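Below you'll find the structure, written out as structure tokens, and then a few comments.
Values in this document were obtained by computation on a predicted structure and should not be read as measured data. All residue numbers refer to positions in the sequence shown, counting from 1.
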Amino acid sequence: MRGAIRLSALSQAGVIYVMTHDSIGLGEDGPTHQPVEHLASFRAMPNILMLRPADGNETAGAYKIAVLNRKRPSILALSRQKLPQLPGTSIEGVEKGGYTISDNSTGNKPDVILIGTGSELEIAAKAAEDLRKEGKAVRVVSFVSWELLMSNQKPTRRVFYLLLFQPELALRQDQHLGGRKLLDEREKQ
């Protein structure tokens, strides 16, 4: 499969690949069905659009982007887990690559920012509920796609950088490889 994806990237083919089993939670099939290293390897391929939606809204948004994306292949990394529809997610938000789904802070000064991607966004949202019960101001951010975020106009990205200047916790099932790129660029601002 990897060879076909690479060839479609080189050919600038607008193929849509739908992957499953993308989760930190053990599925019914056990740990051999958790290909956590694949996301990092696909992100390393040039001309690939990786999308990791968290629920139905984001999946619809990811499909919309993939269908319109005719110059490169898109990979939708989905989960086999039964995931809830999360309040605050949107089809339109996916287009930005990352966006806030909930925020109870005032003056744009949350105590903590929880960043989740894919099935981990539910964990971030539940953690935010618990922290809010303790009186904390919490912002929850859905981070659907590095590629979309990095291709957005600078003002949109600067808003996202501001999120990262606060105390944060990112919930992701793969390595920290993509985050380093964003933090390096933040330091240049």
Side-chain angles (χ1 to χ4, degrees), residues 1-56 58-83 89 93-99 114-124 141-152 156-157 160-161 163-164 168-188:
M1 183 97 190
R2 185 168 166 69
I5 292 171
R6 180 68 179 123
L7 186 58
S8 62
L10 288 169
S11 303
Q12 298 181 347
V15 179
I16 300 172
Y17 296 97
V18 179
M19 307 287 183
T20 61
H21 297 71
D22 179 33
S23 171
I24 60 170
L26 278 177
E28 3 356 290
D29 300 322
T32 58
H33 287 75
Q34 291 181 294
V36 296
E37 74 282 359
H38 292 298
L39 288 182
S41 71
F42 292 139
R43 282 190 179 112
M45 278 186 201
N47 202 36
I48 295 282
L49 176 59
M50 174 66 70
L51 299 149
R52 193 159 178 252
D55 64 7
E58 289 191 352
T59 300
Y63 269 110
K64 177 183 174 186
I65 290 164
V67 167
L68 297 173
N69 184 38
R70 304 314 313 150
K71 293 283 187 183
R72 61 181 171 174
S74 301
I75 299 175
L76 277 67
L78 307 176
S79 175
R80 281 188 59 199
Q81 292 174 284
K82 184 176 180 177
L83 298 174
T89 60
V94 174
E95 295 173 7
K96 299 174 190 172
Y99 66 102
L114 301 177
I115 303 170
T117 180
S119 57
E120 291 83 38
L121 187 60
E122 177 189 10
I123 297 168
V141 175
S142 177
F143 203 177
V144 184
S145 172
W146 288 107
E147 295 81 12
L148 289 176
L149 178 73
M150 299 311 282
S151 68
N152 273 326
T156 304
R157 287 180 25 202
F160 206 86
Y161 297 142
L163 297 175
L164 298 178
E168 67 184 66
L169 173 64
L171 300 168
R172 297 179 49 228
Q173 59 82 25
D174 64 348
Q175 299 294 323
H176 64 278
L177 302 173
R180 183 75 254 159
K181 184 175 15 172
L182 184 62
L183 293 175
D184 286 347
E185 197 163 312
R186 177 190 73 182
E187 291 167 5
K188 293 176 189 175

Nearest-0.5 Å distance that lies between atom [atom1] in [X] and atom [atom2] in [Y]:
X: Met45; Y: Leu10; atom1: CE; atom2: CG; result: 9.0 Å
X: Glu120; Y: Ser79; atom1: CD; atom2: OG; result: 8.5 Å
X: Arg52; Y: Ser142; atom1: CZ; atom2: OG; result: 10.0 Å
X: Ile75; Y: Ile48; atom1: CD1; atom2: CD1; result: 4.5 Å
X: Leu121; Y: Ile115; atom1: CG; atom2: CD1; result: 11.0 Å

Worksheet item: Applying side-chain hydrogen bond (donor to acceptor under 3.5 Å, both in side chains), which residue pairs with at least one partner in residues 4-15 are found, sequence neighbours left out?
Response: Ser8-Tyr17
On a heavy-atom basis, which atom in [X] and which in [Y] lie closest, and how many Å separate them?
X: Asn69; Y: Ser74; value: ND2-OG, 3.0 Å
X: Leu51; Y: Ser145; value: CD2-CB, 3.8 Å
X: Tyr99; Y: Thr89; value: OH-CA, 3.2 Å
X: Leu149; Y: Gly98; value: CD1-N, 4.4 Å

Worksheet, complete the sentence: In short, salt bridge (Lys or Arg N to Asp or Glu O under 4.0 Å) pairs touching residues 66-76 with sequence neighbours left out are none
Worksheet item: So among Val94, Leu83, Thr117, which one has a side chain to side chain contact (heavy atoms under 4.5 Å, CB included) with Glu58?
Response: Val94
Please list, one pair per line, the donor and acceptor atoms closer than 3.5 Å that link side chains of residues 59-68 to other protein atoms, with sequence neighbours excluded.
| residue | atom | partner | partner atom | Å |
| --- | --- | --- | --- | --- |
| Thr59 | OG1 | Asp55 | O | 2.8 |
| Lys64 | NZ | Glu95 | OE2 | 3.2 |

